[in-house]
Amino acid sequence: TDHGLGDLPKAITLHKECLELRRRNLGEEHLDYTVSLSNLAVCLQEAGDYIAAIENHTECLELRRRIVGKYHPDYARSLNNLAVCYQSLGQLDKAIELHTECLELMRRIVGGNHPDFAQSINNLANCYRAAGDLERAIEMHTKCLQLRRKIFGENYPDYAKSLNNVAICYDESGEVQKAIELHTKCLELRKRVLTENHPDYAKTMNNLAVCYEHAGQITTAIQLHQQCLELRRRILGENHPDYSKSLNNLAICYESAGMFEKAVETHHKCLELMKKVVGEHHPDYATCLYNLASSYRQQG
């Protein structure tokens, strides 16, 4: 379930109502009840309420274990969702343990040449990256990249996603030129496969801009961030979290260039949008507030 463009509090309320209806009409030992439980958990997760999300994902996992058993795709999906939640909460050892278990389950359920198995490799690699184990993250993202090439070929969105993920890991490990090379390849691939009017094209442009900033090429970085901001405004609208993220990244770039007034102005706009889009209790709002304070401090 994707609530990225919607009203999260309203979505949570409706998912709770649906869950209660299914509890009364079907009982808890029914797969449709677990679907509602999972949808509610994902929605809570997107709202930043990770504790409540973990409670719901854990309940869903246990119910699915009883109803369909461990060697079923629905059980593996619940395991994955729970792992992602622990990852978001910063409990990375637990997340890695669950992602590893999910990977082995997927190998048994769908085999080693299946898109879902490749996705599980990707998820575990992301977790290693979050834990700072970039060597292992690069190794696993490269493995996923090769598997996706074998399954889909290079002219496919999932291959581009893996290319993007490997590039991000190289950037974070300090191999910025390698990252720029891979992000540039990914940008061209996404332009060809998805066109320039796709959110993933804008995402790659954002990542490439960040790389140029890390390489000290601030003018190029600012130009790409401005281009990405305009793309996201056109594709997604100003009330989308990705538009706010682009504003935040552009503001940070202005700060790096010593353009502190412009940085403060852009951070202010980002903060107001974040407040409207995700609310004051979301981690992204807190990050934006911190960045604004940092700009004021730099400005003196």
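Numbers for residues simply follow the sequence, beginning at 1.
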Do [X] and [Y] have side chains that get closer than 4.5 Å, going by heavy atoms?
X: His57; Y: Ile54; value: no
X: Val84; Y: His99; value: yes
X: Glu46; Y: Leu8; value: yes
X: Ser162; Y: His141; value: no
X: Gln119; Y: Asn80; value: no
X: Phe117; Y: Val110; value: yes
X: Leu147; Y: Lys143; value: no
X: Asn123; Y: Cys102; value: no

[X] and [Y]: same hydrophobic cluster, using ILVMFWY side-chain contacts below 4.5 Å?
X: Met259; Y: Leu224; result: no
X: Ile138; Y: Leu145; result: yes
X: Tyr212; Y: Ile218; result: no
X: Ile151; Y: Ile121; result: yes
X: Leu182; Y: Phe152; result: no

Donor-acceptor under 3.5 Å ([X] side chain, [Y] main chain):
X: Asn25; Y: Leu21; answer: yes
X: Arg136; Y: Tyr128; answer: no
X: Arg232; Y: Asp242; answer: yes
X: Ser173; Y: Tyr170; answer: yes
X: Thr34; Y: Leu31; answer: yes

If I take atom [atom1] from residue [X] and atom [atom2] from residue [Y], how far apart are they, to the nearest 0.5 angstrom?
X: Tyr254; Y: Ile222; atom1: OH; atom2: CD1; result: 6.0 Å
X: Ser78; Y: Leu61; atom1: OG; atom2: CG; result: 5.5 Å
X: Leu105; Y: Leu98; atom1: CG; atom2: CG; result: 10.5 Å
X: Tyr156; Y: Leu194; atom1: OH; atom2: CG; result: 10.5 Å
X: Leu44; Y: Asn39; atom1: CG; atom2: CG; result: 11.0 Å
X: Ser120; Y: His114; atom1: OG; atom2: NE2; result: 10.5 Å

Task: Criterion side-chain contact (heavy atoms from CB on, under 4.5 Å) against Leu292, the qualifying member of Val264, Thr266, Thr287 - done: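 Of the listed options, the one satisfying the test is Val264.
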
TODO: Count the heavy atoms of every other residue, nucleotide or ligand shown that sit under 6.0 Å from CD of Glu261, and state whether that count exceeds 12.
DONE: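 It does not: Glu261 CD has 12 such atoms or fewer within range.
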
- [ ] Evaluate whether atom CD of Glu238 has more than 12 neighbouring non-hydrogen atoms of other residues, nucleotides or ligands under 6.0 angstrom away.
- [x]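 Enclosed.
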
Closest non-hydrogen atom pair between [X] and [Y], with its separation:
X: Gly279; Y: Tyr285; value: O-CB, 3.4 Å
X: Ala118; Y: Cys144; value: O-SG, 3.2 Å
X: Cys228; Y: Met205; value: N-SD, 3.7 Å
X: Ala95; Y: Cys127; value: CB-SG, 3.4 Å
X: Ser246; Y: Asn206; value: OG-OD1, 4.4 Å
X: Tyr75; Y: Lys70; value: CD2-O, 3.3 Å

Open item on the list: Could you walk me through whether His183 and Ile168 satisfy the side-chain contact (heavy atoms from CB on, under 4.5 Å) test, starting with their C-alpha distance in whole Å, then the side-chain angles of each, then the deciding distance to 0.1 Å, before giving a yes or no?
Closed with: CA-CA 8 Å; His183 276 313; Ile168 288 171; 3.9 Å; yes

Task: Results of side-chain contact (heavy atoms from CB on, under 4.5 Å) for Lys161 - residues two or more places apart only - done: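 Lys161 satisfies side-chain contact (heavy atoms from CB on, under 4.5 Å) with Arg148, Asp158, Arg190, Asp200 once adjacent residues are dropped.
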
N-O pairing of [X] and [Y] below 4.0 Å:
X: Glu104; Y: Arg107; answer: yes
X: Lys275; Y: Glu272; answer: no
X: Lys191; Y: Glu188; answer: no

Does one side chain, of [X] or [Y], offer a donor that lies under 3.5 Å from an acceptor on the other?
X: Lys203; Y: Asn164; answer: no
X: Asn165; Y: Arg129; answer: no
X: Asp49; Y: His281; answer: no
X: Tyr33; Y: Arg22; answer: no

Open item on the list: Could you walk me through whether Asn239 and Lys276 satisfy the side-chain hydrogen bond (donor to acceptor under 3.5 Å, both in side chains) test, starting with their C-alpha distance in whole Å, then the side-chain angles of each, then the deciding distance to 0.1 Å, before giving a yes or no?
Closed with: CA-CA 8 Å; Asn239 292 323; Lys276 189 164 69 170; 3.1 Å; yes

Open item on the list: For a side-chain contact (heavy atoms from CB on, under 4.5 Å) check, start with the C-alpha distance between Ser38 and Asn81, then their side-chain angles and the critical distance, and finish with the verdict.
Closed with: CA-CA 8 Å; Ser38 179; Asn81 290 341; 3.7 Å; yes

Open item on the list: Pair Lys94, Gln87 - check side-chain contact (heavy atoms from CB on, under 4.5 Å), show working.
Closed with: CA-CA 8 Å; Lys94 181 69 175 174; Gln87 184 175 336; over 6 Å; no

TODO: Would you please test Arg66 and Glu62 for salt bridge (Lys or Arg N to Asp or Glu O under 4.0 Å) and show each step?
DONE: CA-CA 6 Å; Arg66 291 209 303 267; Glu62 178 54 28; 3.7 Å; yes

TODO: For Phe260, check ring-ring contact (aromatic ring centres under 6.0 Å, His included) against everything at least two apart and list the hits.
DONE: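 ring-ring contact (aromatic ring centres under 6.0 Å, His included) list for Phe260, sorted by chain: empty.
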
- [ ] Might you work through the salt bridge (Lys or Arg N to Asp or Glu O under 4.0 Å) test for Glu265 and Lys262, ending with a clear yes or no?
- [x] CA-CA 5 Å; Glu265 179 191 331; Lys262 224 163 174 51; 5.2 Å; no

Task: Residue pair His240, Val277: steps toward the side-chain contact (heavy atoms from CB on, under 4.5 Å) verdict - done: CA-CA 7 Å; His240 191 282; Val277 175; over 6 Å; no

